[in-house]
Amino acid sequence: MGDPNDAFDPIAFLETQMDMKKNPRDVRATAVKSMKNIAANIGPDKVQTDLIPLICTLIPEEEDEILFLLAKELGGFVTVVGGPACGYMLLQCFELMCDTEETVVRDAAAAAFASVTAAMEWNTEAKEKCLSMVKNLSAGDWFTKKVVAAQLYSTPYLSCDDEPYRAELRAEFKKLAEGKDELPMVKRSCATALKSLAVAAAKTDNATAVLRDDIMSTLQIYLKDKDSSVRVNATDALVGLIEGWCAIDTDSAKMCWVFTNAFVLEAINDDSWRVRHALMKGYGTIATSYVKSFGAEADPEHKTQVEKFLVMEGAPIEKAFDDMETEVRVAAVKASTVLGDALGGSVLAKSVVIPCMAMLGEVNVQTGVAAEAPTVRIAVTQGLIDLLAVEEMPSDLLGPTITSSLHTGDEPVLIGVMRSLEKGMLNKERPLDFNVFGPEQPLGPLLEKLIEFQSAEIADDWRIRKISMTLFSIMMAGCKKAEAAWLEPFQDQLGASMRVALGDYIAQVRVGAIECLPRLSAAFGLEWVKSNCLAELRKDIESDPFYQFHLKDAMEKPAVERERGSKEVALHSKWITVSEWWATAQQMTRPPCAVSRDSGLTSPSPPPLRQIQYFASLRVLISEQIDSETAAEWSDVLCTGVEVTTPNVRFNAMLAMGELAKVADDDLLQSKLKPAITTMANEDVDDDCKYFAKQQLAEINSNQGY
């Protein structure tokens with residue numbers, strides 16, 4: 001046993017914990033995670049003289065998982081190694097990690113290197129150590145060193161404010177990137193690094209000359225490389241270079257246009273579809289950047305030339321729309337929205353973009369057959385709905401294509417198209433003018449289609465009924481907020497659609513209808529929702545013999561009725577088909593409830609489901625905005641609901657009661673809500689109801705400070 005008076009040595013302890021022969025991986029991982037705390041306690045001097053040398057001895061033999069954790073830890077070591085002035089001392093650790101064969105470790109080391117070099121002070125020692133490291137790796141005898149070396153240039157270039165040093169970094173990178181007989185892996189890494197280096201160079205002095213003379217010359221070589229994977233990365237780097245170059249000022253943007261537009265044309269004509277796809281992914285960025293060359297007082301001739309290049313006949317995007325690869329066409333469609341924002345709706349209306357998108361989304365009305373792939377048609381709808389929000393964009397050019405895309409010939413595509421419409425309508429960053437959906441507007445037929453799709457006879461797929469009802473509610477709520485004059489005749493249809501959806505025989509459709517209620521309440525008011533969406537549902541519930549039976553006190557029921565009641569509970573507590581419910585209900589001694597046959601549904605929904613729907617609806621509608629009269633009315637209904645025999649009904653009534661308890665006044669809470677929940681928490685025979693009632697009660701007591 002050691003002497004208890006011996007001082008504890010953290011470095012020795014850490015060395016013991018990191019011993020691969022004595023400790024498993026999880027112990028060593030824990031030791032790595034504790035290194036920063038140890039370093040903070042032993043002080044900078046000990047870190048520099050003891051801890052860093054220890055780490056350097058561990059790296060060559062350690063496992064990849066531990067090295068990965070170690071790299072992440074060392075990225076935050078600048079504060080404990082002695083501050084920014086001593087940050088360069090960590091670079092020797094990263095240089096050793098960059099020599100490992102595992103890609104994940106090298107990438108983690110490169111990321112940590114970037115963090116340290118961005119935070120450290122660029123004194124003489126730091127410059128020498130950093131340059132020595134990138135030189136050694138760039139001249140490595142194996143491709144792995146060169147691959148990671150390419151990633152290390154951009155952060156020092158941006159962080160070190162020393163032009164001669166930057167020139168030396170550029171020279172070293174050029175030597176690495178333009179070396180003869182390099183493997184494709186090295187070229188791909190250098191092409192990717194060109195993007196980050198171009199972005200860094202654009203933020204420094206003498207940026208235009210560096211981008212034009214140094215980076216552009218290297219990029220040209222990679223754009224013409226025989227390996228398509230290198231050209232893909234180079235095309236992505238071209239997009240980054242254009243973005244950084246054009247961001248400097250108007251004159252630089254004009255120069256960028258002159259020097260780079262030919263390479264954009266070459267990329268769209270490349271034999272590899274991946275190169276064309278890479279260009280289209282960045283085409284919106286290219287357009288936005290080129291537009292910066294217009295300046296405050298745009299040269300009309302230059303502006304026309306750029307617009308013609310970007311979107312007029314023969315433009316790269318026109319070729320992309322006609323590309324044989326689906327991915328390229330989809331990328332072109334997605335770029336159209338950015339083009340609209342950059343150039344404006346008036347320019348895009350005269351371009352090839354809208355006609356090409358209309359052609360891609362075209363559906364043969366007689367046969368229901370579309371020439372395009374489903375992903376393209378869905379992307380076209382999303383792009384067109386986004387273009388509706390572009391200023392000065394004529395809706396009559398977009399309406400027919402959007403409307404024709406809602407065709408029932410292919411249900412999965414139709415669902416995808418409708419989800420694209422939903423996403424576009426709810427996009428707060430690109431708010432729509434909902435007046436375009438008016439009866440006399442180009443998008444007016446969309447209303448009729450959505451109403452049609454909500455019928456079970458038309459749309460057998462429940463997903464179509466659900467999303468069409470959701471779209472209809474979004475459209476009506478948006479039109480109400482836009483104070484559309486034509487809205488009133490459609491409000492009755494909206495109420496009818498919601499009532500049908502709330503009684504649909506598919507649970508997800510009913511859930512979707514409930515999710516729409518807060519939106520409609522915010523737009524039309526709570527009273528409108530109560531009278532047009534929920535009143536009929538509540539009336540059906542209260543007049544239902546099943547409901548009246550469940551409200552009877554259990555001790556007052558004859559034995560035969562109690563037995564029948566237990567059968568009903570068992571029946572409603574499992575998932576059954578409507579036909580099973582109907583058959584079982586007819587076998588009971590009393591007749592089943594009346595079912596409305598004019599509701600548009602193909603089958604009646606069991607009575608407990610209607611009660612569940614009603615209480616779930618109240619739950620989502622309860623907010624601080626409800627008045628005291630409504631709160632009192634709903635509290636009576638909910639207090640009745642928690643007494644119903646069916647557990648699922650009680651459960652949903654209790655959840656709604658918990659929401660009401662959050663906004664009710666103290667009198668209502670103490671006289672009705674809290675006693676009802678307390679009774680349920682103490683006496684309910686269903687374990688789930690009792691458990692969640694206790695949670696609701698605990699929350700009420702917590703809010704009251706008990």
Side-chain angles (χ1 to χ4, degrees), residues 11 35-59 70-99 106-140 145-146 148-176 193 196-207 209-210 214-215 244:
I11 299 298
M35 278 188 182
K36 190 172 182 180
N37 288 333
I38 292 175
N41 286 317
I42 64 177
D45 292 338
K46 281 280 189 180
V47 171
Q48 297 170 18
T49 58
D50 296 343
L51 182 56
I52 291 180
L54 172 62
I55 293 173
C56 290
T57 60
L58 294 173
I59 289 174
L70 181 59
K72 295 179 68 176
E73 282 293 311
L74 291 177
F77 254 53
V78 173
T79 55
V80 296
V81 79
C86 301
Y88 69 91
M89 294 184 176
L90 296 167
L91 301 187
Q92 55 187 310
C93 302
F94 301 136
E95 185 171 359
L96 291 170
M97 288 184 184
C98 289
D99 195 22
R106 297 198 307 270
D107 289 344
F113 171 86
S115 299
V116 170
T117 52
M120 73 183 190
E121 181 181 311
W122 285 90
N123 49 43
T124 303
E125 294 86 348
K127 293 177 184 178
E128 291 177 355
K129 183 57 184 175
C130 183
L131 187 60
S132 173
M133 176 179 172
V134 295
K135 278 185 176 182
N136 292 339
L137 292 173
S138 298
K145 291 185 178 182
K146 297 180 180 181
V148 72
Q151 305 175 38
L152 305 181
Y153 283 89
S154 59
T155 305
Y157 190 92
L158 181 61
S159 303
C160 182
D161 190 14
D162 183 354
E163 186 54 39
Y165 187 74
R166 287 174 175 167
E168 197 166 359
L169 285 173
R170 292 197 304 269
E172 288 298 323
F173 182 82
K174 195 175 187 70
K175 187 188 302 182
L176 170 65
S196 56
L197 190 58
V199 172
K203 299 176 181 178
T204 61
D205 299 333
N206 200 26
V210 171
D214 288 333
I215 296 179

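Numbers for residues simply follow the sequence, beginning at 1.
The main-chain N or O of Ala114 is found under 3.5 Å from a side-chain atom of Thr117 such that the two form a donor-acceptor pair.
Glu95 pairs by the salt bridge (charged side-chain N to carboxylate O under 4.0 Å, His left out) definition with Lys129, not counting sequence neighbours. Applying the side chain to side chain contact (heavy atoms under 4.5 Å, CB included) rule to Ala110 yields the partners Val148, Gln151, Leu152; only residues at least two apart in sequence or on another chain are considered. In this view, Ser115 satisfies the side-chain hydrogen bond (donor to acceptor under 3.5 Å, both in side chains) rule with no residue, not counting sequence neighbours. In this structure, the side chain to side chain contact (heavy atoms under 4.5 Å, CB included) partners of Lys203, at least two apart in sequence or on a different chain, are Leu158, Val199. For Arg166, there are no side-chain hydrogen bond (donor to acceptor under 3.5 Å, both in side chains) partners two or more places apart in sequence or in a different chain. For Glu163, the side-chain hydrogen bond (donor to acceptor under 3.5 Å, both in side chains) partners are Arg170, not counting sequence neighbours. Lys175 meets the salt bridge (charged side-chain N to carboxylate O under 4.0 Å, His left out) test with Glu172; sequence neighbours excluded. Listed by chain and residue number, Glu178 satisfy the salt bridge (charged side-chain N to carboxylate O under 4.0 Å, His left out) test with Lys174 (two or more places apart in sequence, or in another chain). Legend: residues meeting side-chain hydrogen bond (donor to acceptor under 3.5 Å, both in side chains) with Tyr88, ordered by chain and number and at least two apart, are absent.
Sorted by first and then second residue, the salt bridge (charged side-chain N to carboxylate O under 4.0 Å, His left out) pairs involving residues 114-127 (not counting sequence neighbours) are Lys127-Asp162. The stretch residues 37-56 participates, sequence neighbours left out, in these salt bridge (charged side-chain N to carboxylate O under 4.0 Å, His left out) pairs: Lys46-Asp50.
Using bins of under 30°, 30° to 60° and over 60° for the plane-to-plane angle, the ring pair Phe113/Phe94 lands in the perpendicular bin.
The two residues Val134 and Tyr153 have their closest heavy-atom pair at O-OH, 3.9 Å. Residues Leu51 and Ala39 share a closest heavy-atom pair of CD2-CB, 3.8 Å.
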Could you list the donor-acceptor pairs under 3.5 angstrom formed between side-chain atoms of residues 76-84 and any protein atom two or more places apart in sequence or on another chain?
none

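The shortest distance between side-chain heavy atoms of Trp122 and Asp161 does not fall below 4.5 Å.
Other residues, nucleotides and ligands contribute over 12 non-hydrogen atoms within 6.0 Å of the CG atom of Asn41.
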